[in-house]
Amino acid sequence: MNEHVQPAGGGPLFNPLSPDFIRDPYPHYARLRTTDPVHLSPYGSFVTSRHAEVSLVMRDKRFGKDYVERTKRRYGEKIMEEPVFRSMSHWMLQADPPDHTRLRGLVVKAFTARRVEDMRPRIQEIVDQTIDAVMDHGHMDLIEDFAFRLPVTIICDMLGIPEDHREVFYKSSRDGGRLLDPVPLSPEEIKQGNAGNLMAQMYFQQLFELRRRNPGDDLTTQLVQAEEDGHKLTNEELTANIILLFGAGHETTVNLIGNGLLALHRNPDQLALLKAKPELITNAIEEFLRYDSSVQMTGRVTLEDIDDLGGVRIPKGETVLCLLGSANRDPAVYPDRPDRLDIIRPNVKPLSFGGGIHFCLGAQLARIEAEIAIATLLRRLPDLRIDDVENPEWRPTFVLRGLKRLPASW
């Protein structure tokens, strides 16, 4: 195994929290794909960077989540005493069947294609209100003032969070992404994670009480009723999965809108093309997902010995990280200049929403939110310009790739 192959510069091939990596991971991915496509990282996990292996690992039943054991191997036996890790162990995202099947089955009805399509008018209304609020200012932060409000409002609608509770969610910090990174958390970061988790638990417990007394046509009511059926959901599972749905329901969409707008403004020819032909928006969203995915990585654990993954033998119980952002630019699948943004690229099938049984529940909702948000912004503020397309400020996280802010004026 060529785990010791290092780039000429002498630094590690995979160093995802380095400023250089966060600013632009794609040259690092290209080096991994060509030099060491199944790479043993300094953190003890195998890192796959080519489309073929990434796609296989996400779909093959020999790979699972095994979250509790994987986390104990990383942090030690007592790690599940930390509230934030205990909470994450109940996420459907981290569960294997049969728990995964049971948990996902409880929420899947809220995300059917029909239900999501029916939300278009509401999404359009929120986007228009958001633009109305800033139109006369001549400037805004495309993240805080635009991209953030839409998915937060929609997930609050879906969860039945009352209007007068929402201000705190609009103002809440977006620093939870570090929990998902492949670099272990420091004791201080675990402490911060516990504090954030405690706040969320306290709020959602109150929301459950409210929905027990006043049921509504929302996801929280649905899950509270499932909890009352006893065997379907425990209170811990209920709380953990509402926290997951809230986070997953807006984080990735904020980043998809922000990353997409930045990519367009860095490629003025593509921006002009989309303005001239707004009907290209659906394909453009797929290309934004491929070009600069808002989720860069997902992980699995080998449930048995794997004799050959890209030429490497991997024993049972090892963590395998799948670099979605790298797979999306693999020339083996996208031979025509994969590092270029091309909104009319044919056959774009990004792996950004994962694959297999963990394929993102909200994929279609995120696509529609981004489609309406970006198309409406280009139509209503055609002169909008991003203040600094060259050096935007990225969030200091790797798995959730997105911008801290993106000031723009018109």
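Since this is a predicted model, take the numbers as computed values, not measurements. Numbering of residues begins at 1 and proceeds along the displayed sequence.
- No donor-acceptor distance shorter than 3.5 angstrom exists from the side chain of Asp66 to the backbone of Leu303, with no hydrogens or angles considered.
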For a quick test of your reading: what N or O donor-acceptor pairs under 3.5 Å do the side chains of residues 400-410 make, sequence neighbours left out?
residue : atom : partner : partner atom : Å
Arg401  : NE   : Asp292  : OD1          : 2.6
Arg401  : NH1  : Ile22   : O            : 2.5
Arg401  : NH2  : Arg23   : O            : 3.2
Arg405  : NH1  : Glu393  : OE1          : 2.3
Arg405  : NH1  : Glu393  : OE2          : 3.2
Ser409  : OG   : Asp387  : OD1          : 2.8
Trp410  : NE1  : Met135  : O            : 3.1

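- Take Thr112 and apply the side-chain contact (heavy atoms from CB on, under 4.5 Å) test, not counting sequence neighbours, and it matches Arg114, Arg115.
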Quick one: do Ser45 and Thr319 satisfy side-chain hydrogen bond (donor to acceptor under 3.5 Å, both in side chains)? Show the steps, please. CA-CA 5 Å; Ser45 38; Thr319 297; 6.0 Å; no

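- For Met58 against Cys322, the heavy-atom pair with the smallest separation is CG-SG, 4.2 Å.
- If you check the side chains of Ser352 and Asn328, you find a donor sitting under 3.5 Å from an acceptor.
- Under the salt bridge (charged side-chain N to carboxylate O under 4.0 Å, His left out) criterion, Glu287 pairs with Arg290, Arg345, not counting sequence neighbours.
- By the 4.5 Å heavy-atom criterion applied to side chains, Tyr75 and Ile190 are counted as neighbours.
- Minimum interatomic distance between Gly44 and Glu318 (heavy atoms only, all atoms of both residues): O-OE1, 3.8 Å.
- Within 6.0 Å of NZ on Lys275 lie more than 12 heavy atoms contributed by other residues, nucleotides or ligands.
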Test side-chain hydrogen bond (donor to acceptor under 3.5 Å, both in side chains) applied to Thr48 and Arg50, step by step: CA-CA 6 Å; Thr48 58; Arg50 292 188 302 206; over 6 Å; no

Intermediate values then yes/no, salt bridge (Lys or Arg N to Asp or Glu O under 4.0 Å), Asp96 and Arg300: CA-CA 10 Å; Asp96 290 309; Arg300 298 289 190 273; over 6 Å; no

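- Other residues, nucleotides and ligands contribute more than 12 heavy atoms inside 6.0 Å of the CG atom of Asp388.
- No side-chain heavy atom of Thr71 sits under 4.5 Å from any side-chain heavy atom of Gln94.
- By the 4.0 Å N-to-carboxylate-O rule, Asp342 lies too far from Arg337 to be salt-bridged with it.
- When the ring pair (Phe, Tyr, Trp, His ring centres under 6.0 Å) test is applied to Phe21, the partners found at least two apart in sequence or on another chain are Phe14, His28, Tyr29, Phe398.
- Here ring-ring contact (aromatic ring centres under 6.0 Å, His included) pairs that include residues 86-129, with residues two or more places apart or in two chains, are His100-His358.
- Side chains of Gln201 and Asn197: a donor-acceptor N/O pair is present below 3.5 angstrom, by distance only.
- A search for ring pair (Phe, Tyr, Trp, His ring centres under 6.0 Å) contacts involving Phe63 returns nothing, not counting sequence neighbours.
- When the side-chain contact (heavy atoms from CB on, under 4.5 Å) test is applied to Ala263, the partners found at least two apart in sequence or on another chain are Tyr291, Leu341.
- One N or O on the side chain of Asp305 and one on the backbone of Lys316 form a donor-acceptor pair closer than 3.5 Å.
- Applying the ring pair (Phe, Tyr, Trp, His ring centres under 6.0 Å) test to His165 and every residue at least two apart in sequence or in another chain returns Tyr203.
- Other residues, nucleotides and ligands contribute at most 12 non-hydrogen atoms within 6.0 Å of the CG atom of Asp217.
- Between atom CG of residue Asp307 and atom CZ of residue Arg313 there is a gap of 6.0 Å, rounded to the nearest 0.5 Å.
- When every heavy atom of Arg340 is checked against every heavy atom of Gln270, the shortest pair comes out as NH2-NE2, 3.4 Å.
- Heavy atoms only, all atoms of each residue included: Leu384 and His265 are closest at O-NE2, 3.5 Å.
- A heavy-atom distance below 4.5 Å is found between the side chains of Ile257 and Thr253.
- Taking His250 as the reference, Phe148, Phe246 meet the ring pair (Phe, Tyr, Trp, His ring centres under 6.0 Å) condition, with sequence neighbours excluded.
- Remark: the Ser326 side chain and the Ser49 side chain contain no N/O donor-acceptor pair separated by less than 3.5 Å.
- Remark: side-chain polar atoms of Thr302 are paired, donor with acceptor, to backbone N or O of Pro315 under 3.5 angstrom.
- For the side-chain contact (heavy atoms from CB on, under 4.5 Å) test, residues two or more places apart in sequence or in another chain that qualify with Leu56 are Asp60, Arg62, Leu309.
- Checked by atom type and distance alone, the side chain of Ser293 pairs as donor or acceptor with a backbone atom of Val295 at under 3.5 Å.
- Leu150 and Ala373 make their closest contact through CD2-CB, 3.9 Å (heavy atoms, listed as atom of the first residue, atom of the second, distance).
- Two residues are said to be in side-chain contact when any heavy atoms from C-beta on lie closer than 4.5 Å; Ile374 and Ile285 meet this criterion.
- Look at Arg367 and Glu286 and you find a salt bridge, because one of the NZ, NE, NH1 or NH2 atoms lies within 4.0 Å of a carboxylate O, short of that distance.
- Using a 4.5 Å cut-off on side-chain heavy atoms (C-beta onward), Leu223 and Leu245 make contact.
- In this view, Tyr170 and Arg149, Val152, Thr153, Arg166, Glu167 satisfy the side-chain contact (heavy atoms from CB on, under 4.5 Å) rule, not counting sequence neighbours.
- By the side chain to side chain donor-acceptor pair (under 3.5 Å) test, Ser89 is found to be paired with no residue, residues two or more places apart in sequence or in another chain being considered.
- The nearest pair of heavy atoms linking Thr221 to Gly216 is OG1-N, 2.9 Å.
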